[in-house]
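Here is the structure we will look at.
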Amino acid sequence: MNAAQRNEFFARLQESIPEPITELKYRTRFQLLVAVILSAQATDLSVNRATRKLFRVAGTPKAIQELGVSGLKKYIRTIGLYNTKAFNIIKTCSILLEDHAGRVPHERSALEALPGVGRKTANVVLNTAFGEPTIAVDTHIFRVANRTGIAKGRSVLQVEHGLLRATPEPYLKTAHHLLILHGRYICRARRPLCTECVIADICGFSEKTS
DNA sequence: ATCCCGAGGG
DNA sequence: CCCTCTGGAT
């Protein structure tokens with residue numbers, strides 16, 4: 001894909017997606033961090049259902065820490081991987097309180113030092129909470145990048161670096177949400193809606209499957 | 001490479 | 001039944 005096509009790629013995605021923002025519900029950076037940890041291998045709908053009650057009762061590091069692991073589990077039992085997530089979130093709350101004055105750190109290294117936070121979650125927080133030009137490669141973006149050919153790679157890190165090079169500067173801050181929302185609703189894992197896709201003509205995938 | 005792990009869709 | 005969902009730790 002050449003430079004003109006890459007520009008067209010993002011220009012059309014932006015036109016078709018008026019609000020390229022997260023669908024996770026949160027009020028503070030801390031709540032976003034918790035929601036993103038919970039979103040691993042889970043739908044945002046499932047996460048929002050749980051956090052609606054959780055954040056109403058406990059929306060701060062101190063309040064969630066006071067719930068304890070078993071107390072927190074009661075709110076997130078309907079989300080997959082809840083044992084690990086409950087343990088990690090309680091531990092993350094104590095680290096935030098002890099080392100960061102209860103605030104979410106802006107540094108990648110400090111974010112990735114939190115249990116349950118890897119490169120993908122750190123990238124989401126840096127982009128969504130702090131407005132940094134990061135691209136978090138999740139299951140959707142990995143699929144969209146490889147299918148369309150905007151950035152091919154076998155590993156998520158490979159795709160992340162490819163996307164950062166392939167994305168025109170004006171789209172660096174919104175690329176993450178443009179790609180993920182396109183992947184969720186159009187370029188779906190199964191039965192992608194190529195006939196409704198605004199970039200089908202510059203994508204190598206749809207003609208291969210017809 | 002494997003485990004964790006509920007809910008929704010087909 | 002199957003696959004998929006904004007992964008991380010070992």
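Predicted, not measured: the structure shown is a model, and the values here were computed from it. Naming convention: chains lettered A, B, ... in sequence-line order (proteins, then strands); numbering from 1 in each chain.
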Along DNA chain B, first and last positions that approach a heavy atom of chain A under 4.0 Å: dC4(B) to dG10(B)
Interatomic distance at [atom1], [N] relative to [M], whole Å:
N      : M      : atom1 : answer
dA9(C) : dA7(B) : P     : 24 Å
dT4(C) : dC4(B) : C1'   : 16 Å
dG8(B) : dG8(C) : C1'   : 23 Å
dC5(C) : dC5(B) : C1'   : 12 Å

Whole-Å distance separating the [atom1] atom of [X] from the [atom2] atom of [N]:
X         : N      : atom1 : atom2 : result
Arg191(A) : dC3(C) : CZ    : C1'   : 12 Å
Glu23(A)  : dC5(C) : CD    : P     : 14 Å
Tyr185(A) : dC5(C) : OH    : C1'   : 12 Å
Arg190(A) : dC1(C) : CZ    : C1'   : 11 Å
Leu38(A)  : dT6(C) : CG    : C1'   : 12 Å

Phosphate-side-chain proximity, His140(A) and dC5(C), N/O vs OP1/OP2 below 4.0 Å: yes
With no hydrogens and no angle check, is any side-chain donor or acceptor of Asn127(A) less than 3.5 Å from a backbone partner on His176(A)? no
Side-chain touch Tyr171(A)/Asn7(A), heavy atoms, less than 4.5 angstrom: yes
Close side-chain approach of Thr174(A) and Leu13(A), heavy atoms under 4.5 Å: no
Applying a 4.0 Å non-hydrogen cut-off, can you work out what Ser46(A) is touching in the nucleic acid: base, sugar-phosphate, or nothing? nothing
Report which part of the nucleic acid Leu81(A) touches: base, sugar-phosphate, or nothing (heavy-atom distance under 4.0 Å, all strands). base
Quick one: pull up CG in Leu172(A) and OG1 in Thr134(A) and give me the separation to the nearest 0.5 Å. 9.5 Å
More than 12 foreign heavy atoms under 6.0 Å from NZ of Lys73(A): is that the case here? yes
Mind listing the N/O atom pairs, protein and nucleotides 8-10 of chain C, below 3.5 Å?
residue, atom, partner, partner atom, Å
dG8(C), OP1, Gly118(A), N, 2.9
dG8(C), OP1, Thr121(A), N, 2.9
dG8(C), OP1, Thr121(A), OG1, 2.7
dA9(C), OP1, Gly116(A), N, 3.0

